[in-house]
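Structure, as structure tokens:
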Amino acid sequence: MHQQLEKKLAKLKGTEAAIVFPTGYMANVGTISALVDEKDTVIIDRLNHASIIDACKLSKAKLQVYPHKDMKALEKILQKSGKYQKRLIVTDHVFSMDGDIAPVAEIAKLAEKYDAMLMTDDAHYTGIYEGVGAGIGVGKEKVEVRMGTLSKALGSLGGFVCGSKDLIDYLRNKARSFIYTTALPPANCAAAIAAIDLILETRPKLLKNLEIGHWKTPIIPIILGSAEKTLEASQKLFDQGIFVSAIRPPTVPKGQARLRITITAQHTKEDLKCLASSLQELIPPAEKQ
Ligand SMILES: Cc1ncc(COP(=O)(O)O)c(C=O)c1O
């Protein structure tokens with residue numbers, strides 16, 4: 001089951017090979033700490049997921065952070081990174097709390113120019129955009145390490161990394177969170193295998209649902225500021241039969257609590273209209289950002 005899933009993921013991502021971890025968190029921790037150490041530097045976007053930050057700390061590599069999607073700042077860091085043996089840039093592909101997309105093509109160009117490896121965390125990208133192209137995320141640019149999780153669009157549990165055969169063989173023998181823990185239960189692999197087929201079948205419907213305004217990803221944040229206000233709004237929506245999670249500190253900075261709307265392929269036009277009118281009633285226009 002694990003091998004079948006790995007083959008399927010590699011095919012989905014268009015890479016030579018893949019390796020499956022027990023969770024996405026463990027995929028980040030095992031991969032980053034296997035790729036860099038104290039002689040190296042790891043350079044990350046300020047809004048990257050917590051599992052990437054923890055992984056960087058564990059790796060002992062020099063951690064350098066650039067402001068969100070700031071390519072000038074990233075280049076400045078890279079210009080001064082000659083003293084490190086290796087450079088690894090890591091970015092969320094679709095940012096988990098804001099739903100915006102990393103400028104992967106630009107980052108890949110900088111990575112090439114300054115001889116850095118590039119790793120994307122595709123947790124919120126997987127199953128939505130592979131092969132869709134058209135200016136969204138990865139095209140043909142070089143991304144050596146494509147990490148993802150089975151726990152978002154695929155609705156299962158587990159994490160994975162896709163890349164070259166050499167990279168995957170290396171991780172199989174070096175990533176401690178792969179070697180020293182129990183593997184994913186086969187049932188979760190089977191569920192993910194089935195989910196990939198289902199996703200490819202239903203994706204056109206999801207993409208149609210995403211044609212709302214300028215937004216291009218299934219994550220739509222509505223920042224309300226205070227945690228109390230956000231919890232109250234989430235509860236009111238729940239009472240109307242709409243499940244929208246309230247995201248609060250420490251997941252987001254203080255004062256930036258938000259409703260995080262997730263659009264799926266199963267939502268109908270009526271569902272989306274109903275959500276829009278409930279939000280309109282709930283949140284006065286001045287509070288929407
Ligand atoms: C961007 C990102 N990376 C990694 C993870 C960790 O994945 P998992 O929940 O499978 O451990 C998550 C979600 O929790 C995430 O949003």
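First listed ligand is number 1; within each ligand, the first listed atom is number 1. Hydrogens, waters and symmetry mates are skipped; everything else that's a heavy atom, side chains included, is used. Being a predicted model, the structure only gives us computed values, none of them experimental.
Checked for salt-bridge contact, Lys142 and Glu112 miss the test: no charged N lies under 4.0 Å from a carboxylate O. Salt-bridge formation is detected for the pair Asp122/Lys13: a Lys NZ or Arg NE/NH1/NH2 atom is positioned less than 4.0 Å from an Asp or Glu carboxylate oxygen. A salt bridge between Lys60 and Asp40 is absent, with no side-chain N of the basic residue lying under 4.0 Å from a carboxylate O of the acidic one. Ion pair Lys229/Glu232 not flagged as a salt bridge, since none of the NZ, NE, NH1 or NH2 atoms sits closer than 4.0 Å to an Asp/Glu carboxylate oxygen.
When the heavy-atom distances from atom 10 (O) of ligand 1 to Thr251, Asn48, Thr149 are ranked, the shortest goes to Thr149.
Atoms of ligand 1 lying under 4.0 Å from any heavy atom of Ser96, numbered from 1 in the order shown and given with element: 16 (O). Close contacts between ligand 1 and Ser51 involve ligand atoms 3 (N), 4 (C) [criterion: under 4.0 Å to a heavy atom]. Residue-ligand proximity, Ala123 to ligand 1, at heavy-atom distances under 4.0 Å covers atoms 1 (C), 2 (C), 3 (N), 15 (C).
Ranking the protein heavy atoms by distance from atom 7 (O) of ligand 1 puts Gly24 CA, 3.5 Å first. Here the heavy atom of the protein found nearest to atom 5 (C) of ligand 1 is His49 CE1, 3.4 Å. Scanning the protein heavy atoms around atom 16 (O) of ligand 1, the nearest turns out to be His124 NE2, 2.8 Å. The protein non-hydrogen atom at the shortest distance from atom 6 (C) of ligand 1 is Tyr25 N, 3.6 Å. Of the protein's non-hydrogen atoms, Lys152 NZ, 3.0 Å is the one closest to atom 14 (O) of ligand 1. Looking from atom 3 (N) of ligand 1 to the surrounding protein, the closest heavy atom is Asp121 OD2, 2.6 Å. Protein heavy atom nearest atom 9 (O) of ligand 1, with residue, atom name and distance: Ser151 OG, 3.6 Å.
Ring centroid separation for the pair Phe95 and His68 comes in under the 6.0 Å cut-off.
Side chain of Arg172 to backbone of Ile179: no donor-acceptor contact under 3.5 angstrom is found. With hydrogens and angles ignored, the 3.5 Å screen pairs a side-chain donor or acceptor of Thr41 with a backbone N or O of Lys62.
Ligand 1 has no atom lying under 4.0 Å from any heavy atom of Gly159.
Residues Leu237 and Ile220 share a single hydrophobic cluster, defined by chaining ILVMFWY side chains whose heavy atoms lie under 4.5 Å apart.
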